[in-house]
Amino acid sequence: EAEVAQSPRYKITEKSQAVAFWCDPISGHATLYWYRQILGQGPELLVQFQDESVVDDSQLPKDRFSAERLKGVDSTLKIQPAELGDSAMYLCASSFGEETQYFGPGTRLLVL
Amino acid sequence: AQSVAQPEDQVNVAEGNPLTVKCTYSVSGNPYLFWYVQYPNRGLQFLLKYITGDNLVKGSYGFEAEFNKSQTSFHLKKPSALVSDSALYFCAVRDGLLTGGGNKLTFGTGTQLKVEL
């Protein structure tokens with residue numbers, strides 16, 4: 001069964017450092033999403049791509065966060081500089097069309 | 001704006017008993033409703049969805065959910081709970097009339113299900 005791949009699974013960094021997360025969606029899924037899930041809460045959308053284009057980044061803190069999907073396949077989410085409040089689970093999801101989103105295992109980030 | 005409410009932070013049930021995890025929603029247009037399950041330190045796993053059609057939706061692992069338009073609810077149910085069902089469950093909604101940038105999936109805060117022997 002096809003799955004969304006994410007790496008790394010865990011990341012520990014110090015504040016003010018840069019971190020990057022990678023996501024490879026299910027083959028053929030044109031829509032890719034990055035979510036942030038703070039402990040005890042539901043996921044919140046950071047950015048949505050349709051192929052290589054951003055269609056929603058209204059909740060992305062653009063002063064420190066950036067996301068790209070250059071060839072419309074895999075994607076990278078970057079934080080620079082990281083802050084203590086960025087500690088969370090970062091989830092990537094993909095969908096064929098706009099119905100069911102399938103999630104990867106997530107990257108748990110701890111900022112010290 | 002769309003929203004989801006999961007009124008119970010935790011639900012406890014004995015193995016073999018039926019379980020219900022509650023969800024109510026608010027959306028302007030047509031609701032597309034989803035249930036996901038999350039095990040510790042893992043991503044969300046899709047269980048089932050309601051888009052249109054029959055109000056009773058059957059999903060993975062014996063779970064089902066009933067769409068009730070008048071009560072704006074989409075409660076998750078299972079006739080006989082297993083210890084292995086213990087996990088965090090999320091209800092989510094999006095507006096079926098919106099596409100592209102307005103097509104955001106909004107999640108509830110989650111309900112921790114604990115099934116005990």
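Reminder, nothing fancy here: chain letters follow the sequence lines and each chain counts from 1. Because the structure is a prediction, the values reported are computed rather than measured.
Rounded to the nearest 0.5 Å, atoms NZ (B:Lys104) and OH (A:Tyr33) are 13.0 Å apart. Interatomic distance, CG of A:Leu91 versus CZ of B:Arg42, reported as 11.5 Å (0.5 Å rounding). Note: B:Leu105 CG to A:Gln48 CD = 10.0 Å, rounded to the nearest 0.5 Å. Here the straight-line distance linking atom CZ of B:Phe46 with atom CD of A:Gln101 works out to 11.0 Å at 0.5 Å rounding. We find the OG1-NZ distance between A:Thr100 and B:Lys49 to be 3.0 Å, quoted to the nearest 0.5 Å. Distance CD/A:Glu3 to CD/B:Gln45: 9.0 Å, rounded to 0.5 Å.
Crowding of A:Gln17 atom CD: a count of heavy atoms from other residues, nucleotides or ligands under 6.0 Å exceeding 12. Within a 6.0 Å sphere centred on CG of A:Leu39, heavy atoms belonging to other residues, nucleotides or ligands number 12 at most. Summarising the local packing, OH of B:Tyr61 is surrounded by 12 or fewer heavy atoms from other residues, nucleotides or ligands at distances under 6.0 Å. Heavy-atom contacts from other residues, nucleotides or ligands closer than 6.0 Å to CD of A:Glu44 number 12 or fewer. The number of heavy atoms from other shown groups lying within 6.0 Å of CD (B:Gln10) is above 12. No more than 12 heavy-atom neighbours from other residues, nucleotides or ligands sit within 6.0 angstrom of NZ on B:Lys58.
With a threshold of 4.5 angstrom between heavy atoms, B:Gln112 does not approach chain A through any atom at all. Of the two parts of B:Tyr36, only the side chain, counted from C-beta on, holds a non-hydrogen atom closer than 4.5 Å to a non-hydrogen atom of chain A. For B:Asn41, the parts lying near chain A are the backbone and the side chain together; criterion is any non-hydrogen pair under 4.5 Å.
There is no path of hydrophobic side-chain contacts, each under 4.5 Å, that joins A:Val19 to A:Met89. Note on A:Leu60: it clusters hydrophobically with A:Trp34, by side-chain heavy-atom contacts below 4.5 Å among ILVMFWY residues. B:Leu56 and B:Leu47 are not part of a single hydrophobic cluster, where members link through side-chain heavy atoms under 4.5 Å apart. In this structure, B:Val27 is not a member of the same hydrophobic cluster as B:Phe107, with clusters built from ILVMFWY side-chain heavy atoms closer than 4.5 Å. A:Val4 is not connected to A:Phe21 by any chain of hydrophobic side-chain contacts under 4.5 Å among Ile, Leu, Val, Met, Phe, Trp and Tyr, and they are in different clusters.
The interface of residues 102-112 of chain A with chain B, defined by heavy-atom distances below 4.5 Å, comprises A:Tyr102, A:Phe103, A:Gly104, A:Pro105, A:Arg108.
Here the shortest heavy-atom pairing between A:Pro43 and B:Leu44 reads CG-CD2, 3.9 Å. Minimum interatomic distance between A:Gln37 and B:Phe90 (heavy atoms only, all atoms of both residues): NE2-CZ, 3.3 Å.
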